[in-house]
Amino acid sequence: MSATGIIETQTLEVSLGPQHPSTHGVFRMDVVLDGERVVKLKPVMGYLHRNHEQLAEKMAWLGSMPYTDRLDYFCSMTNNWAYALAVEKLAGIKVPERAEYIRVIMAELTRLLNHSCAVGFLFSDCGAWFTPILYALRERERILDFFETVSGARMMCNYMRFGGVRVDLNDESLTMARDLVVRWPAFLDEFEKLLLANEVFLARTQRVGILPRELAINASISGPMARASGVEYDIRKVDKYGVYDRFDFRVPVGEKGDTFDRFMIRILEMRESVKILEQALRNIPAGPFIAPEVKLRNFRVPAGDGYGRIEAPKGELGFYLVSEGGAKPYRYHVRPPSFINLTVLEDMCLGHKVADAVIILGSVDIVLGEVDR
Amino acid sequence: MSRFLGKGLIDGLIVTTKNFVGSYFDGGRKDRMFTYQYPEERMKLPENSRSFPFLVYDGAPENMRCTACKICEMECPAQCIYIVMERDANGKPRQRPKVFDIDTSVCMQCGICAEVCPFDSIKMDCDFERSKHGRFEDLLAHLPELLKSNEYYHQIKPAEATRVDATRRPTKKPTDGTATERK
């Protein structure tokens, strides 16, 4: 007690992580707390740094394809696509139509997989301990089985190749994919009913961790996070890479930019993904699944630089590649969405309680393999 | 307000109860339950699934398809393959590996070796029970361990093996009498 009669308080510095269940990997938040409120937050990254970019510069073009699986290990298919797209742009390879459709199918399935798990883990962070995430994992299992049937591995798919994909989809796997897509809306209904109207969940997420629209644009936030803040920006619509201009789908946009909006955007995006999948699986043309002129070995890319970007489930995933015309990239840079989305973590968390910081981090949807590379 | 406080909570509980009770009345439907009672019950892996490379031989192990061309060694992103070509007494290459090692601890099962092999020799196995006791030497797979028959290949990947048999050109190797002639 000071002379004036006011209780002297001190701020408390807490290191959340790197081994912390709520941080979705080896991620550390240095939080300064005033009571329970966050007054300062510093994200500390780099615990999972694996030298991805340097490795790729020492390796043949194809050699880094399996390593891109390990960036965002939930969404290996979209990582593959982003890298293949960048190389194709640089080398001027034309992708056959069937391959483009297969890529869309794989990418949208990856979106379903990623969003259902992201939402499930967000529920876990809120304290709905493991029931929702188990339901999400149960459905994810079907997609993983499909990926294994087609590509040979459940998570590290290594599926795309320059100029197409590695394995064709046969009738059996197409039926499998159709079954998956048919039952997905029922799962979403169940999932929404499970916790969407839950009063505890609403109290925990609404008006928590607001990301203003201006900040989202200025900090170059992308993906569901930007759209939750009201930025209508979807690279599938803006860039129309692949064959996305042929599909009829909408881009859901949030209003407030709070944690609840970020959660809801993912549910709505899954519904749109189901629409794209239905169209893609209906209209998939016959034909070659890989451009025949592309060599597997001694693949060389003409000198120059190129940036290929796609709308990965977490945001804009881009690969910037510089070639000197050789068998290896001269420079290889990844623009990981979750790393850049993390930069506004402090702005979202300030003034909220420490338990809310965990939910806000969950709503950013990070995968540390991609943040640290 | 038509909704009373706690309705969302109760709705959620109805869903969990439905799932809980429903899991007991499945009638053997596999679309709800995923559990395999491993090791009594083993999952049949799809044909495309890949775990670890192996080398195919036709007939006898001496009759391996590998010619020690070292393409897989070169293309392997993790550089886990090590090959030494066998040479006869005069130092002439016999177009087969003397040493063919794959480091299990380094291999990331990407399957690029199987893709680039021009002789259809190296293929991806479906075997997932590959744990070993030792941490170092045991994890280095040597040539005898890697060699598996074409019949085994047909057994794990029937469609792919049939396709390979139909399109494969038999490789010409210098024979020295010990190796059986290729059919």
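Keep in mind it's a predicted model, so treat the numbers as computed, not measured. Naming: A, B, ... by sequence-line order, numbering from 1 per chain.
Few gaps surround CD on B:Glu47; more than 12 heavy atoms of other groups in view lie less than 6.0 Å from it. Within 6.0 Å of NZ in B:Lys70 there are more than 12 heavy atoms belonging to other residues, nucleotides or ligands. Within 6.0 Å of CZ on B:Arg130 lie more than 12 heavy atoms contributed by other residues, nucleotides or ligands. Within a 6.0 Å sphere centred on OH of B:Tyr152, other residues, nucleotides and ligands contribute more than 12 heavy atoms.
Taking 4.5 Å as the limit, some side-chain heavy atom of B:Thr16 sits within range of a side-chain heavy atom of A:Tyr135.
In this structure, the portion of A:Arg166 lying under 4.5 Å from any heavy atom of chain B is its side chain and not its backbone. Interface remark: A:Leu62 contributes backbone and side-chain atoms alike to the contact with chain B (heavy atom separation under 4.5 Å). For chain B, the nearby part of A:Met156 is the backbone; its heavy atoms alone come within less than 4.5 Å. Only the side chain of B:Leu45 comes within less than 4.5 Å of a heavy atom in chain A; its backbone stays farther off. With a 4.5 Å cut-off on non-hydrogen atoms, A:Val200 touches chain B through its side chain but not through its backbone. For B:Ile71, the part sitting under 4.5 Å from any heavy atom of chain A is the side chain, from C-beta outward, and nothing else. With a 4.5 Å cut-off on non-hydrogen atoms, B:Pro46 touches chain A through its side chain but not through its backbone.
Side-chain atoms of A:Arg138 and B:Asn19 include a donor-acceptor pair closer than 3.5 Å.
Expressed to the nearest 0.5 Å, how far CD of A:Glu148 lies from CZ of B:Arg50 amounts to 9.5 Å. Once rounded to the nearest 0.5 Å, the distance linking CE of B:Met74 with CG of A:Asn298 reads 7.0 Å. Here the straight-line distance linking atom CD of A:Glu190 with atom CD1 of B:Ile14 works out to 12.5 Å at 0.5 Å rounding.
At a heavy-atom separation below 4.5 angstrom, chain A is approached by B:Met108, B:Cys110, B:Ile112 within residues 99-112 of chain B.
Ion pair A:Arg161/B:Glu115 flagged as a salt bridge, since at least one NZ, NE, NH1 or NH2 atom sits closer than 4.0 Å to an Asp/Glu carboxylate oxygen.
Applying the side-chain contact (heavy atoms from CB on, under 4.5 Å) criterion to A:Gln206, with sequence neighbours excluded, gives A:Leu202, A:Asp258, A:Phe260. Partners of A:Phe289 by side-chain contact (heavy atoms from CB on, under 4.5 Å), not counting sequence neighbours, listed by chain and number: A:Ile102, A:Val165, A:Asp168. Not counting sequence neighbours, the partners of A:Thr110 by the side-chain contact (heavy atoms from CB on, under 4.5 Å) test are A:Cys75, A:Met77, A:Thr78, A:Phe147, A:Pro313.
The backbone N or O of A:Thr149 lies less than 3.5 Å from a partner atom in the side chain of B:Asn48, making a donor-acceptor pair.
Here A:Arg297 is the residue among A:Met65, A:Arg154, A:Arg297 with the most heavy-atom pairs under 4.5 Å with chain B.
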